[in-house]
2 protein chains.
Amino acid sequence: MDTSTTHRTVFSQRANQITSSAIREILKITERPEVISFAGGLPSPEGFPVAELQAGFDHVLETQPAVALQYGRTEGYTPLREWVAQEMSREGAKVETDEVLIVSGSQQALDMLGKLFIDPGSRVLVEAPSYLGALQSFSLFDPQFQSVPTDARGLVAEALDDDLVRDARFIYVLPNFQNPTGLTLDLERRQILVQRCADLGLPIIEDDPYGELRYSGEPQPSLLRLGRAAGATVIRLGTFSKVLAPGLRLGYVVAPRDIISKLVQIKQATDLHTAMVTQMAVYEAVRTGFLKDHLPKVRALYRRQCGYMLDALQAHFPADAQWTRPQGGMFIWVTLRPGIDTGVLLQSAIARNVAFVPGAPFYAGVQAPVNTLRLSFVTVPEARIRTGVQVLGELIGPAK
Amino acid sequence: MDTSTTHRTVFSQRANQITSSAIREILKITERPEVISFAGGLPSPEGFPVAELQAGFDHVLETQPAVALQYGRTEGYTPLREWVAQEMSREGAKVETDEVLIVSGSQQALDMLGKLFIDPGSRVLVEAPSYLGALQSFSLFDPQFQSVPTDARGLVAEALDDDLVRDARFIYVLPNFQNPTGLTLDLERRQILVQRCADLGLPIIEDDPYGELRYSGEPQPSLLRLGRAAGATVIRLGTFSKVLAPGLRLGYVVAPRDIISKLVQIKQATDLHTAMVTQMAVYEAVRTGFLKDHLPKVRALYRRQCGYMLDALQAHFPADAQWTRPQGGMFIWVTLRPGIDTGVLLQSAIARNVAFVPGAPFYAGVQAPVNTLRLSFVTVPEARIRTGVQVLGELIGPAK
C-alpha cells in the first residue's frame, strides 16, 4: 500500500524551502567504487584510534554500566567537560567546567545556535565562502545572510564596520584550515576581528573542527583566547570527529555561562542529552593524554596526502588556475579562470569517474562565483589522486 | 574574568521564552540520596542488558571499525532500519526499510517534527495531559496548542471534529501507558481516532516509548497499523531507551516516504546522522532475537514495582483520592480532591525528603488542574515506595 498519496499533510514553510544539498547529491554518485572522489569531507579511517576507543567502551560498560546506559545530565558527562575546560585553559583561554556543554557533534551546536540567536529575518554574518552545513543549519531559522569577504589571509576583518554589523546576531568564522577554502586567519586579522567584535558588541561563533590537524606553520591563538582578552563574546565549537572519529558524533561548545545556560535548555528540548556511553568511552580514551601521541600520526598522514595533491595540481592544472596551500585540515580550494563553470565541469568529470564539489553552494548572501571548486584529499590513495587530478586538468584544458 | 557582563547579545524570541522545566528543577533536588523520588522518568538499570551491549560494541569495533567510526548515512544504519521495518511488519503494519529513519532518541524526532510541521501560530493537537518533553520541543517552534480531553479510556477520540481539527498540523498521541497518566487508549477509541484523522486529513504522531513494557491486559494494535488500514497518515516514534537503555540515545521514526524524505533533510541540518557505532552495536544486540528473552524480565520487574506502589496507595492515600492502574510502563497518575494544590504539596513533601511531579506542567492549551500529580515507581526499592507513599498520605490527610 502506498500511503504517501492518501493524506493532506501541510508542512512548515521552512520544510518546504529545504532542498537536498548539492553535496549530498554528489556524494550519492561517488559511492560507486570506480569513482575517484575529491568530494567527500571524510577523515581518514587510518587515523581512527580503534583499540583505544574499544578499550574505552569496554571499561565504562564493565565498571559503570548503570551510569553509562542511563539518562544523563543535559550539560554532559562532568569529567569530559572538565577535560575540555583544561584543554582550553592549556591553550590560553581560562575556561571553567560550567562554560562547557557537550553536544552530539558540532552540527548539533549549529542547530542549537540557530535556535538561540535567529528570528526570521535576523542578520547573520558568514564568510564568503563558508561551511555549507552551517548555512543549511542556520537556514532552518530563516535568517538574512550577510557575507563578509575573504582573501588569502582569511576573513577580511577590516570590513567589519557599523554598517555591516548593525543588528547582526553573530558572525560565524572558521579560523583554521577553513572548510571549504583551507585558509587560515592570520594573527593580525584575528586581533582586528576580536577587537571590532568587542567594540561593536557582536558575538563570534568560532568553529574549529580542524585546528588540531595543523601540519605546517605556527599554531595561532584561538579566537576564544584573543576574544576573552579583548572583551568580545566568543562561542567556540570543537569536535572529536577529526581528532578521534566522526562516527561517535561528539563535540562541545565553550561559551559564557549565560549562553551555556540557554543552550542547555534548548538541548533538553532537542535531544535531552548526548549518549552517555560515548561520552564516557571518549573520556577514557583521552584522559591519559593519548592524543599527544596520536595526533602527530594523523597530522603526518594528512601532510603527506596534501602534498600528493599539491604536486598533482602543479603537474596537471593550467597556469591560469590558482589554489590554496593549506597549513592543515582536509581541503584545497581551486579558482579556475573566469568563464569556466565548475557545475558544468563536474558533469564531465563524473562521466570520467572523478568527483569534486563546485564552489557555488558555499556562498550565502552574495553572488557566488562559478569558477571555484573544493578538493578533499585525505582518503584518496596517492596514485588515484594523481589520476583524478590529471583527468580534471585535461577537462579544464590549457591556460588561455 | 567574568565574560558574561561584557557583551550585548541578542537572543531569539524563542530563546527568551524558554524557561527551565519544572521537572528539571525538581530532579536537581532529588539528586540528594536521602530523597525518595517518584519524580524521575528513569528506566530501571536492573533492566539494562549490559553484557549484550558490550558484546555488540566489541563486535563492531573488531570487525568493522572503519564503518562504525566514520560518518554515516543520515537515514541510519541500513540493517537496523531493516530490523525496525521487520518488527513493525510483524506487528501488522507492513513497513519498508525506506519508511524508517534512525534518530538520536525519540526526543530528537519531536524536535524534527516541530521543524517539519510547525510555523508560528500553527495549531497542534495534544492530549490533556501530555508528555512534557514534547510540549517543550514543539514550543520552540511557537505553535498554538489545542488540547484534546482524555478520560479513563485515554484520548476522547469522539471529540475530534471539523472545528477542533481545522488547520491543525497534527495530533500528538501516546497510546500506551501514557506519560504522564499511565493510561492506554482502548481499541474502540483507536479505531475512532484513525478513522476521524483519515476523514479529516489530520496526520497522527504516535509516540510509543513504552508499548513493549506491557505487563497486564491484551496488547492493542498500533495506530500505525490501524491508521494505514484506514488511510490515515501516521508517523510512529519508537525508541530503544526503554527496551535496552536510554544512555544510548537511539530511536526511530516510521512514516510515509515523503515525510521520511523531508525528515532526512532536516536531520542532516540538525546533527548529520546518529552515531554509527551505537546503531551498529544495538543492531548486533537485537538481531539475534535477544529482546524476546529480555523483555519478559523487564516486564516482570516493572509489574512488581507497579504493584508495590498500587498497594501503598491503597494503604496510605485517602478514600477521596483517585489513581490510574497502568497495564504497563512507568507512571501512575493521581487526582486528589479539589482544593489541594500539588505544587504546594510538593514543597511539604520535599521538606520530608519525598518528591513527585505536580500535574500542571503536563497541560498545554487548557487551564491545568492543580490537584493532580505523577508518580514514577520503577527505580525505587519496595520499602522506600511504602515509606514515601505513607509520607504523602499523611501530608494529604484524611478524606473530607
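Each chain gets a letter, A, B and so on, in the order its sequence line appears, and its residues count up from 1.
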>> Run the side-chain hydrogen bond (donor to acceptor under 3.5 Å, both in side chains) test against B/Asp58 and tell me which residues pass, sequence neighbours left out.
In response: A/Gln54

>> Checking the side chain of B/Arg14 only, and the main-chain atoms of A/Ile118 only, is there a donor and an acceptor separated by less than 3.5 Å?
In response: yes

> Is there a donor-acceptor pair under 3.5 Å between the side chain of A/Gln70 and the backbone N or O of B/Pro43?
Replying inline: yes

> What closest approach, in Å, do B/Phe117 and A/Ser12 show between heavy atoms, and which atom pair accounts for it?
Replying inline: C-CB, 3.8 Å

> Which atom names give the shortest non-hydrogen contact between A/Val50 and B/Leu61, and what distance separates them?
Replying inline: CG1-O, 3.4 Å

>> With a 4.5 Å cut-off on side-chain heavy atoms, are A/Asp271 and B/Asp111 touching?
In response: no

> Roughly how far apart are B/Leu263 CG and A/Ile18 CD1, rounded to 0.5 Å?
Replying inline: 9.0 Å

> Hey, mind stepping through B/Lys115 and A/Phe141 against side chain to side chain contact (heavy atoms under 4.5 Å, CB included) and telling me if it holds?
Replying inline: CA-CA 9 Å; B/Lys115 286 173 177 154; A/Phe141 306 98; 4.0 Å; yes

> About how many Å separate CZ of B/Arg249 and CZ of A/Arg249, when rounded to the nearest 0.5 Å?
Replying inline: 15.5 Å

>> Could you measure the distance from the CD atom of B/Gln17 to the CD atom of A/Gln265? Nearest 0.5 Å is fine.
In response: 12.5 Å

> Roughly how far, to the nearest 0.5 Å, is CG of A/Leu248 from CE of B/Met276?
Replying inline: 11.5 Å

> Highest number of heavy-atom pairs under 4.5 Å with chain B: which of A/Lys94, A/His273, A/Gln279, A/Gln108?
Replying inline: A/His273

>> Taking every non-hydrogen pair under 4.5 Å, which of B/Ile266, B/Val10, B/Val277 racks up the most with chain A?
In response: B/Val10

>> When you compare the side chain of B/Ile259 with that of A/Phe11, does any pair of heavy atoms fall below 4.5 Å?
In response: yes

> Shortest non-hydrogen contact from A/Ser241 to B/Tyr71?
Replying inline: CB-OH, 3.9 Å

> With A/Glu52, which residues qualify under salt bridge (Lys or Arg N to Asp or Glu O under 4.0 Å), at least two apart?
Replying inline: none

>> Among B/Val60, B/Val67, B/Leu272, B/Leu69, which residue has the highest count of heavy-atom pairs closer than 4.5 Å to chain A?
In response: B/Leu69

>> Report which part of B/Ala66 has an atom under 4.5 Å of a heavy atom belonging to chain A: side chain, backbone, both, or neither.
In response: both

> With chain B, which of A/Pro246, A/Ala245, A/Pro45 has the greatest number of heavy-atom pairs at distances under 4.5 Å?
Replying inline: A/Pro246

> Which distance, rounded to the nearest 0.5 Å, do you find between the CZ of A/Phe57 and the OG1 of B/Thr278?
Replying inline: 6.0 Å

> Which atoms of B/Ser261 come close to chain A, meaning under 4.5 Å heavy atom to heavy atom: side chain ones, backbone ones, both, or neither?
Replying inline: neither

>> Nearest 0.5 Å, please: how far is OG1 in B/Thr270 from CD in A/Gln107?
In response: 8.0 Å

> So which of A/Val234, A/Leu244, A/Leu200 has the largest heavy-atom pair count under 4.5 angstrom toward chain B?
Replying inline: A/Leu200

